[in-house]
Participant: 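Structure provided below as structure tokens; questions to follow.
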Amino acid sequence: MSQDLAPRYEPGAIEPARYAAWQDGGYFHVSPDRVLDEGAEPYVIVIPPPNVTAVLHMGHGLNNTIQDVLIRWRRMQGRASLWVPGTDHAGIATQNVVERQLAAEGKTRDDLGREAFVERVWDFVGETGGAILEQLKSIGCSCDWDRTRFTLDEELNRAVREVFVHLYEKDLIYRGEYIINWCPRCHTALSNEEAEGHETGGSLWHLRYPLAESAWGAAAAAAEDGAEAVGRTDDGRWYLTVSTTRPETMLGDTGVAVHPDDDRYRALVGADVLLPLTGRTIPVVADAYVDRSFGSGMVKVTPAHDPNDFDIASRTGIEVLDVMADDASMNDAAPEAFRGMDRFDARKAVLKALEAEGLLAGRDDHTHTVPHCYRCDTVVEPRLSLQWFVKMKPLAEPALAASRDGTITFAPARWTKVYEHWMENIRDWCISRQLWWGHRIPVWYCDCGEVVVAREDPDACPKCGSSDLTQDPDVLDTWFSSQLWPFSVFGWPEKTRDLAAFYPGHSMVTAPEILFFWVARMIMMGYEFHGKAPFTEVYLHGTVRDAKGRKMSKSLGNGIDPLEVVETLGADAMRFTLVSQCAVGTDIHLDHEDVEGAFSSGRNFANKIWNAGRFALLGLGDAPVASLDAVADDLQLEDRWILSRTHRAATEATRNLERYRLHEVADGLYHFFWGEVCDWYLELVKGRLAEGADPASRAAARTTLATVLDRAMRLLHPIMPFITSELWQRLPRPGGQTVEGDLIVAAWPEHDEAWSDPEAEAALAALQEFVAEVRRLRKEYNVPEGERVTIHLAGGDPTVHETVRGQSEALERLARVGAVTAGSGTGVGAHGVLRGGGEVFLPLEGLIDLAQERERLSGEVTRLQGQLEGARRKLANEQFVSKAPDEVVEKEREKARSLADQVDKLQDKIRQLGGGED
RNA sequence: GGGCGCGUAGCUCAGUUGGUUAGAGCGCUACGUUGACAUCGUAGAGGUCAGAGGUUCGAAUCCUCUCGCGCCCACCA
């Protein structure tokens, strides 16, 4: 086994081949037999299906890296670890993309007609769709590609049908005319969640509505009583003042409302108002919705274009008048002068016309939240429309209970409240979309009035027998099918083996943005159709942002292409960087202007791992490596130490994985591997690996090294699968054991308790401290790197002293590390005191300016005395001594002893240096 | 208008139930290439833990208020 590794990790030469090997090995596929027949415990994640037209961005990179880490970890734990991939047809988004293509050809979807248009979308999806799944492979995702699903697959269509019909039959789906959010650009209704509120600076206009002459008497009386909304023009006409942020809607006003208990306006209720510009007369009505204390306490009512006004109309019986077309231009119900005008042009025109008639009372600056389409950012128009809805309240109940009783947990936990608040205040869900791309609503209408809602397309009307049925033209909200994903991917409503084996799943990893859109609804559907939540843990990670904290987006051009990172730095570098920044609940910042810098920690770490592996392989050579048992008696301090640290690293990594503390997993393994394995163990063991070293010691070192690297590769594998797999393959196995398969299915290390060795850890910690102190002193006194110095060890706590003395072999090696030799010395020198007791002395005759040194030491004495004073005060405090844990008090005592000791030593030193000058 | 979160080193952030000398990465400074790695090594500088008050023997951590950010939800025209 001659090892010939490049001195740098070259991802391009490694990663694609390793991925191919995993795929060829069939490691990603999980058969239900493993669960149902072999009794393996399942672990299931369903991917948040990216839009079928999507191109991989860093957000996907983060989301899928996290999932892959979890899946790989559980797989190594021996679970039937299944990750189901797939894509979402993404109704509006995909339709918009294709419509844009058509627009470039000068065509609209209407030019093609429904059938041809849908065919065109399928062509488009067939050509470029799902490319993102291929891209996921390059970042190492170990999805079960045999199970790739698409929300418009035949199988999933059946699930959608079943759910729609089931809910309809339970009276949980209904059709009705209500105010919905309408996107005038997409020409479709939207759900409440799809209308995103953006704070917008605008105007609040005050309009004057003249009163019919019959009401002038009442108006005059009201004005007398101080009714602010009532006024009189110069020519003596009485009018009411109302306010609005959308003046164009006044064309659709059918009333003016006041609060029934508002004494100011009581006499005006029932009065006729001459609605300007329209020639219509509308009534003043009383409704408790009106807030007497807001503005003038009088509000214009536009039932067809405002949800509250619609409610007022339904209570008071006033007319409902829709004055807008699908594109939000003014329709034929509007006065001729405004017909066909865009709503914003109409706004200006209305204001101008009112001003001309002296009916514009003024305007105020006004910031308020304006809903925008989440797909095209157009201002959404509230509009009366006939749509299909899901009654959510009954569905929400078990989903809410699941969170309250801990059946489902959220990480970070604070999302629990957000979720529950939404569930508690849930509103019905508008599910019909006036689009062509999506699941057609399974409802047919017959001329006889019969409405057929069916799982299978009906041939004839069950009531009158007519075969002339018309299917509802609308499609379902994209999220209607997404919400079924955790079970539709397994073939439901068929009772499949997959379903039995893999539902319910376990972790749901996604971004908080789609908590309501998707996560909440999946939970509701899980309960409705299976009586069980679709997963038990929801892990919500942060957003990927640029260096300035802006969300990465195509339009801002501040994105980083994951594939570019993979190509230049490697998937492992990217994965590690993402995971190490993935602290619970915080966003990830990456500088798109310095991609290499942004991922340098991952790149550097990958290279470090590579070189540690390279060194080990060179050092181990081709000779067989003994088993750990065989060398047990020959293990040195550093061997026992690193084994103990390895066990500790494994324990901590496992614990943090269980709690979704991925940042701490990455951080912990980074410091274990770099700081302990590389910086200390490899350095300590170098001499023992050499040909001429003591054979027993050499054998122990070789075994320990191979064992530790084996464990380290396993631990790092979920985060950095490529490099670890590559190296692990080449490592010799202690005891000559042969291991089948790839690292991807090697056992996760968590049963090495026997390696725990607190004594070795304490001893090596003391040695580390000693070496660090020697190095520090050398630096401080500018002892040239190559120069050997004599050190002197004396005094201090006997335990530490003995530990240092007792490990003379280790100490010699440590001395090599620090380029010092152990020995004894006297006279003037550098003086270091070890924390646990013990001291280092470096003779420094001729190396330094003695007067300067004396001054420095005096300052040091003053500082230490201050600290000592503080420690003594603390110990004199009875409360502290009696209430603090013994351990803490003891440490404080030790600290005081040590400080006092140091002060004495330094004062001695000053005397030596000073020669009596002070 | 409600709710949530944040403010810790130059930058980006960790800091589990209050308890040794508050940490990391990047950046910065000095020195160093005797072959695993300069994508490296060693050492170092740098923090009133936003501010004020309180609880406690002890507070970055718990409580109250103030200031400054960010997010979510909501029908005040």
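In what follows, chains are A, B, ... by sequence order, proteins preceding strands, each numbered from 1.
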Participant: Would you say the side chain of A:Tyr9 and the base of B:C37 hold a donor-acceptor pair, judged only by whether the two atoms sit under 3.5 Å apart?
Facilitator: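 Not at all, since no donor on one side and acceptor on the other fall under 3.5 Å apart.
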Participant: Excluding sequence neighbours, so at least two apart, what forms side-chain hydrogen bond (donor to acceptor under 3.5 Å, both in side chains) with A:Arg776?
Facilitator: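 side-chain hydrogen bond (donor to acceptor under 3.5 Å, both in side chains) check on A:Arg776 returns A:Glu773, A:Glu780.
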Participant: Is A:Glu424 atom CD crowded by more than 12 heavy atoms from other residues, nucleotides or ligands, each under 6.0 Å away?
Facilitator: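 Counting other residues, nucleotides and ligands, CD of A:Glu424 exceeds 12 neighbours.
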Participant: Scan every strand shown for a Watson-Crick or G-U wobble partner of B:A36, both distances under 3.5 Å, and answer none if you come up empty.
Facilitator: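 No nucleotide pairs with B:A36.
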Participant: Between B:U8 and B:C49, how far apart are the two P atoms, rounded to whole Å?
Facilitator: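 These two P atoms come out 11 Å apart once rounded.
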Participant: For a quick check, tell me whether the side chain of A:Arg661 and the base of B:U16 share a donor-acceptor pair closer than 3.5 Å.
Facilitator: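 Absent.
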Participant: Per the salt bridge (charged side-chain N to carboxylate O under 4.0 Å, His left out) rule, what does the pair list look like for residues 290-302 of chain A, sequence neighbours excluded?
Facilitator: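 Output for this query lists A:Asp253-A:Lys300.
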Participant: Is the shortest side-chain N/O distance from A:Trp415 to OP1 or OP2 of B:G3 below 4.0 Å?
Facilitator: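 Looking at the OP1 and OP2 atoms of B:G3, neither is under 4.0 Å from any side-chain N or O of A:Trp415.
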Participant: Using only side-chain N and O atoms of A:Asn604, determine if any of them is under 4.0 Å from OP1 or OP2 of B:C40.
Facilitator: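 Checking B:C40 against A:Asn604, a side-chain N or O does come within under 4.0 Å of OP1 or OP2.
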Participant: Is the phosphate of B:C72, meaning OP1 or OP2, less than 4.0 Å from a side-chain N or O of A:Arg414?
Facilitator: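 No, no such contact exists.
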Participant: If we call it a pair only when both distances are under 3.5 Å in a Watson-Crick or G-U wobble match, what pairs with B:C49?
Facilitator: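 Partner of B:C49: none found under 3.5 Å.
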Participant: For a quick check, tell me whether the side chain of A:Glu664 and the base of B:A24 share a donor-acceptor pair closer than 3.5 Å.
Facilitator: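 Donor-acceptor pair under 3.5 Å: no.
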Participant: Would you mind pulling out the nucleotide paired to B:C6, Watson-Crick or G-U wobble, both distances under 3.5 Å?
Facilitator: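 Its partner is B:G68.
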Participant: If the cut-off is 4.0 Å, is A:Lys608 near the phosphate of B:G41, judged by side-chain N/O to OP1 or OP2?
Facilitator: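 So the side chain of A:Lys608 is within the cut-off, an N or O lying under 4.0 Å from OP1 or OP2 of B:G41.
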Participant: For B:C31, give the paired nucleotide (Watson-Crick: N1-N3 plus N6-O4 or O6-N4; G-U: N1-O2 and O6-N3; both under 3.5 Å), or none.
Facilitator: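 Looking at the geometry, B:C31 pairs with B:G41.
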Participant: How long is the line joining CD of A:Glu890 and P of B:G58, in whole Å?
Facilitator: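 My rounded result for the distance is 21 Å.
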Participant: Please name the nucleotide paired to B:C62 by Watson-Crick or G-U wobble geometry with both distances under 3.5 Å, or report none.
Facilitator: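 WC or wobble partner is B:G54.
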Participant: Any N or O donor-acceptor pair linking the side chain of A:Arg8 to the base of B:U39 at under 3.5 Å?
Facilitator: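 Donor-acceptor pair under 3.5 Å: yes.
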Participant: Just the rounded figure in Å: distance from P of B:C11 to NE2 of A:His592.
Facilitator: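 To the nearest whole Å, that distance equals 20 Å.
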Participant: Does B:U16 pair with anything, Watson-Crick or G-U wobble, both distances under 3.5 Å, and if so, with which nucleotide?
Facilitator: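 With both distances under 3.5 Å required, B:U16 matches none.
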Participant: Does any non-hydrogen side-chain atom of A:Ser600 lie less than 4.5 Å from one of A:Thr577?
Facilitator: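 Result no, sub-4.5 Å side-chain heavy-atom pair not found.
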Participant: To the nearest 0.5 Å, tell me how far A:Arg347 CZ sits from A:Trp205 CH2.
Facilitator: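 Output value for this atom pair is 9.0 Å.
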Participant: Would you say the base of B:A24 and the side-chain of A:Ser580 have a donor-acceptor pair closer than 3.5 Å?
Facilitator: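 Flag unset: no donor-acceptor pair detected.
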Participant: Under 6.0 Å from the six-membered ring centre of A:Tyr670 and within 45° of its axis: does the NZ or CZ of A:Lys608 meet both?
Facilitator: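 No - A:Lys608 does not lie over the ring of A:Tyr670 by the 6.0 Å and 45° rule.
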Participant: At under 4.0 Å, does any side-chain N or O of A:Lys417 touch on OP1 or OP2 of B:C4?
Facilitator: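 For B:C4, OP1 or OP2 has a side-chain N or O of A:Lys417 closer than 4.0 Å.
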Participant: Is any side-chain N or O of A:Arg545 closer than 4.0 Å to OP1 or OP2 of B:U12?
Facilitator: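 Checking A:Arg545 against B:U12: no side-chain N or O falls below 4.0 Å of OP1 or OP2.
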Participant: Please check the phosphate of B:G58 (OP1 and OP2 only) for any side-chain N or O of A:Lys883 closer than 4.0 Å.
Facilitator: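 Checking A:Lys883 against B:G58: no side-chain N or O falls below 4.0 Å of OP1 or OP2.
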Participant: For B:G27 versus B:U20, give the span between their C1' atoms, rounded off to a whole number of Å.
Facilitator: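 That atom pair is separated by 30 Å.
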Participant: Strictly below 4.0 Å: does A:His589 bring a side-chain N or O up to OP1 or OP2 of B:C13?
Facilitator: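 Checking B:C13 against A:His589, a side-chain N or O does come within under 4.0 Å of OP1 or OP2.
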